[in-house]
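Working notes, beginning with the structure itself.
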Amino acid sequence: MNVPAKGTRASRRPLVLIAIVCLAPIVAAYVAYYVFQRDSRTNYGVLLVTPAPALAGVALDGKPLAVADFKGRWLMLTAAPGACDAPCAQALYATRQARTIQGRERGRVARLWLVTDTATVPPAIVAEHPDLAIARVPADAMAAWPRGADAIYLVDPLGNAVLAWPRAPDIKALANDLGKLLRASQIG
């Protein structure tokens, strides 16, 4: 029976230890990837892959206003009747706060409220949101959008509908989505 010499066993030990140290990160990576899978979705809003449907309306001052007028800027868009009930006020507040949270990047983001009826817009809403563009559109104007009037939409500077958030969003999550896009984008 051939028994390896004592010196041969001693010289294999460092080689085995080096192999274990080199292979351990690879094995750990495979285990982490296949066993501990994480949620692949990192955005709060629902991702949309569609060009923004054309919308044209009339601003409160009587001038024509369209979504295409905001090309070159990110646009947060919501639609609601002119009386602006509680969900409407909450959506407008959320878009204002999410835009404000962006700090110096907030100038890249515009906000638009589409009024879907002939009701008078409350002056208090106009005073609370001085940076808000308001346009009156036909009642069925939001029918072509993926979630109709039941969402807050984000349109990119190229005119594509990018995200849709619920009408009563988590403001911090909405702002995080917007911030990620502004950091990643060189346009707008």
When rounded to the nearest 0.5 angstrom, what is the spacing between [atom1] in [X] and [atom2] in [Y]?
X      : Y      : atom1 : atom2 : value
Gln90  : Ile152 : CD    : CD1   : 8.5 Å
Cys84  : Glu128 : SG    : CD    : 8.5 Å
Trp74  : Leu181 : CH2   : CG    : 4.5 Å
Trp145 : Leu55  : CH2   : CG    : 5.5 Å
Asp156 : Ile187 : CG    : CD1   : 5.5 Å
Leu17  : Arg12  : CG    : CZ    : 14.0 Å

Treating Ile, Leu, Val, Met, Phe, Trp and Tyr as nodes and any side-chain heavy-atom pair under 4.5 angstrom as an edge, say whether [X] and [Y] lie in one connected cluster.
X      : Y      : answer
Ile26  : Tyr33  : yes
Leu114 : Leu65  : yes
Tyr153 : Phe70  : yes
Val155 : Val162 : no
Val67  : Val109 : no

Less than 4.5 Å apart, side chain to side chain, heavy atoms only: is that true for [X] and [Y]?
X      : Y      : answer
Trp165 : Leu154 : yes
Lys172 : Tyr44  : no
Ile171 : Tyr93  : yes
Gln102 : Arg108 : no
Met76  : Leu178 : yes
Leu47  : Leu163 : yes
Val126 : Pro123 : no

What pair of heavy atoms forms the shortest contact from [X] to [Y], and how long is it?
X      : Y      : result
Pro130 : Ala127 : CD-O, 3.8 Å
Ala80  : Trp113 : O-NE1, 3.4 Å
Ala79  : Thr116 : CB-CG2, 4.1 Å
Leu92  : Arg111 : O-NH1, 3.0 Å
Ala94  : Leu174 : O-CD2, 4.5 Å
Asp69  : Pro64  : OD2-O, 4.1 Å

Lys180/Asn43 under side chain to side chain contact (heavy atoms under 4.5 Å, CB included): CA gap, chis, key distance, verdict: CA-CA 9 Å; Lys180 285 178 194 174; Asn43 54 306; 5.5 Å; no

Over 12 foreign heavy atoms within 6.0 Å of CZ, Arg147: no

Salt-bridge criterion met for Asp131 and Arg99 (N-O under 4.0 Å):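 Judged by the 4.0 Å cut-off on N to carboxylate O distance, Asp131 and Arg99 do form a salt bridge.
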
Audit row: Leu60, Arg136, side chain to side chain contact (heavy atoms under 4.5 Å, CB included) steps and yes/no: CA-CA 7 Å; Leu60 293 183; Arg136 230 175 256 292; 4.2 Å; yes

Expected output: side-chain Arg167 to main-chain Ala149 donor-acceptor under 3.5 Å: yes

CA sep, side-chain torsions, deciding dist, call: Met142, Val137, side chain to side chain contact (heavy atoms under 4.5 Å, CB included): CA-CA 9 Å; Met142 294 303 291; Val137 295; 5.7 Å; no

